[in-house]
Amino acid sequence: MATRGRFITLEGLEGVGKTTNREHIHSLLADKNIDVLVTREPGGTELGEQLRHLLLHASTAVCAESELLMMAASRKQHTVEVIEPALRKGLWVLCDRYVDASFAYQGGGRELGAETVASVHELLSIDIKPDLTFLLDMPIADGLKRMAERGKPDKIEKEALAFFERARAAYLQRAQAQPARIKVVDASRALNDVQQQVQNELQAFLARCHG
Ligand code: T5A
């Protein structure tokens with residue numbers, strides 16, 4: 001039987017550099033001959049990508065609770081169809097956002113609270129936890145500015161600053177509560193510096209995996 005793979009996630013608000021650093025981590029793992037499946041949420045499956053479109057681009061109104069349930073539906077499908085089978089096969093999974101995003105955006109941003117988010121995940125038995133999470137953190141306005149330079153915002157990117165402040169606070173609170181798993185990276189620095197810290201944390205993680 002293959003040794004179970006490891007599950008690494010990237011988290012943070014808009015424009016903090018998750019996609020950029022996901023590629024960096026992928027290439028660092030590839031250099032170590034580790035087979036990696038790269039994926040994202042919401043999305044990662046056919047159903048998930050359709051839900052992503054509804055959540056981010058459709059004109060349909062979605063209340064906070066429905067948004068949480070749709071994120072969770074995308075996650076459950078992704079977990080059973082893609083993530084769990086890959087981990088069982090021994091692949092490493094590198095995912096742009098996972099459960100922490102719902103605690104930040106729906107629990108914090110939408111003010112549904114951590115307990116509601118936790119109970120939905122419990123109900124759906126979404127119980128795998130990432131082994132390592134990079135939380136890329138920077139002032140909200142700077143991240144949104146990076147995104148604005150890229151073009152038309154999606155529905156969530158159009159939210160008020162207070163929404164992102166609550167989401168950022170919820171992310172940082174989770175990182176404080178789970179320091180062994182969630183590594184906070186100051187994403188406001190030059191890309192080289194950000195990537196150096198990501199590399200150092202990844203090397204420490206690899207050493208722990210082999211130790
Ligand atoms: N959501 C998601 C929920 O509400 N609940 C949930 O449970 C989940 C899973 C998903 C949306 O859904 C919400 C959160 C989101 O609003 P998304 O597209 O996955 O949307 O998330 P975005 O944050 O919008 O992702 P982006 O890909 O658009 O942004 P990234 O990946 O954080 O940023 P990236 O790497 O594309 O970089 C942005 C720009 O900055 C530059 C890059 O070159 C790029 O141009 N950059 C830097 N520039 C200077 N210095 C650096 N250090 C830089 N790093 C990157």
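For ligands, and for the atoms within them, numbers begin at 1 and follow the listed sequence. These numbers come from the heavy atoms of this one structure, side chains and all, not from hydrogens, waters or symmetry mates.
Counting only heavy atoms of the protein, atom 29 (O) of ligand 1 lies nearest to Gly15 N, 3.6 Å. The single protein non-hydrogen atom nearest to atom 40 (O) of ligand 1 is Arg146 CD, 3.2 Å, given as residue, atom name and distance. Among protein heavy atoms, atom 11 (C) of ligand 1 sits closest to Leu56 CD2, 3.8 Å. Of the protein's non-hydrogen atoms, Arg97 NE, 3.7 Å is the one closest to atom 10 (C) of ligand 1. Here the heavy atom of the protein found nearest to atom 27 (O) of ligand 1 is Thr19 OG1, 2.9 Å. From the protein, the heavy atom lying nearest to atom 3 (C) of ligand 1 is Met71 CE, 3.2 Å. Ranking the protein heavy atoms by distance from atom 45 (O) of ligand 1 puts Arg150 CD, 4.1 Å first.
Distances between N or O atoms of Ser102 and those of ligand 1 include at least one value under 3.5 Å. At least one N or O atom of Val16, backbone or side chain, sits closer than 3.5 Å to an N or O atom of ligand 1. Below 3.5 Å of separation, one finds no N or O of Tyr105 facing any N or O of ligand 1. In terms of polar-atom proximity, defined here as any N/O pair under 3.5 Å, Gly17 does make such a contact with ligand 1.
Classification of Asp100 and Lys129 as a salt-bridged pair fails, no side-chain N sitting under 4.0 Å from a carboxylate O. Electrostatic pairing of Arg110 and Glu159 counts as a salt bridge here, judged by a charged N lying under 4.0 Å from a carboxylate O.
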Salt bridge (Lys or Arg N to Asp or Glu O under 4.0 Å) for Asp137 and Arg168? Distances and angles first, verdict last. CA-CA 8 Å; Asp137 179 65; Arg168 185 184 186 197; 2.7 Å; yes
Carefully, step by step, assess Arg6 and Asp131 under the rule salt bridge (Lys or Arg N to Asp or Glu O under 4.0 Å). CA-CA 6 Å; Arg6 302 296 162 129; Asp131 298 295; 5.1 Å; no
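Close approach of ligand 1 to Ile156 is summarised as follows: ligand atoms under 4.0 Å from at least one heavy atom of the residue are 4 (O), 12 (O), 13 (C), 16 (O). Near Gln106, with a cut-off below 4.0 Å to any heavy atom, the atoms of ligand 1 are 3 (C), 4 (O), 5 (N), 6 (C), 7 (O). Of all atoms in ligand 1, listed by their number and element, those nearer than 4.0 Å to a heavy atom of Arg189 are 50 (N), 51 (C), 52 (N). Numbered from 1 in the order shown, with element, the atoms of ligand 1 that lie under 4.0 Å from a heavy atom of Arg75 read 6 (C), 7 (O), 9 (C). Listed by number with element, the atoms of ligand 1 under 4.0 Å from a non-hydrogen atom of Glu41 are 9 (C).
Ligand 1 lies within reach of Glu157, whose nearest heavy atom is under 4.0 Å from it. Ligand 1 has no atom lying under 4.0 Å from any heavy atom of Gly12.
Between Arg97 and Ser102, the side chains place no donor N or O within less than 3.5 Å of an acceptor N or O (distance only, hydrogens not considered). A donor atom on one side chain and an acceptor atom on the other are found under 3.5 Å apart for Gln196 and Asn200. In this model, a donor atom of one side chain and an acceptor atom of the other lie less than 3.5 Å apart for His121 and Arg75. Residues Asp127 and Ser125 have side chains that never bring a donor and an acceptor to within less than 3.5 angstrom of each other. Inspection of the Thr79 and Tyr98 side chains reveals an N or O donor paired with an N or O acceptor under 3.5 Å.
When heavy-atom distances to ligand 1 are checked against a 4.0 Å cut-off, Glu14 comes that close through both its backbone and its side chain.
The shortest side-chain heavy-atom distance between Leu136 and Asn21 falls under the 4.5 Å cut-off.
Rounding to the nearest 0.5 Å gives a distance of 8.5 Å between SG of Cys209 and CG of Leu132.
Selection from Asp154, Val99, Thr20 by nearest heavy atom to atom 35 (O) of ligand 1 gives Thr20. Considering only non-hydrogen atoms, atom 2 (C) of ligand 1 lies nearest to Pro42 out of Ser74, Ala167, Pro42. When the heavy-atom distances from atom 28 (O) of ligand 1 to Glu67, His78, Met147 are ranked, the shortest goes to Met147. Of the options Lys18, Arg52, Arg110, the smallest heavy-atom separation from atom 30 (P) of ligand 1 is shown by Lys18.
Applying the 6.0 Å contact sphere to CD of Gln77 captures more than 12 heavy atoms from other residues, nucleotides or ligands.
Aromatic ring orientation, Tyr105 versus Phe163: tilted (interplanar angle from 30° to 60°).
Paired with Glu84 under the rule salt bridge (Lys or Arg N to Asp or Glu O under 4.0 Å), one option of Arg4, Lys89, Lys76 passes, and it is Arg4.
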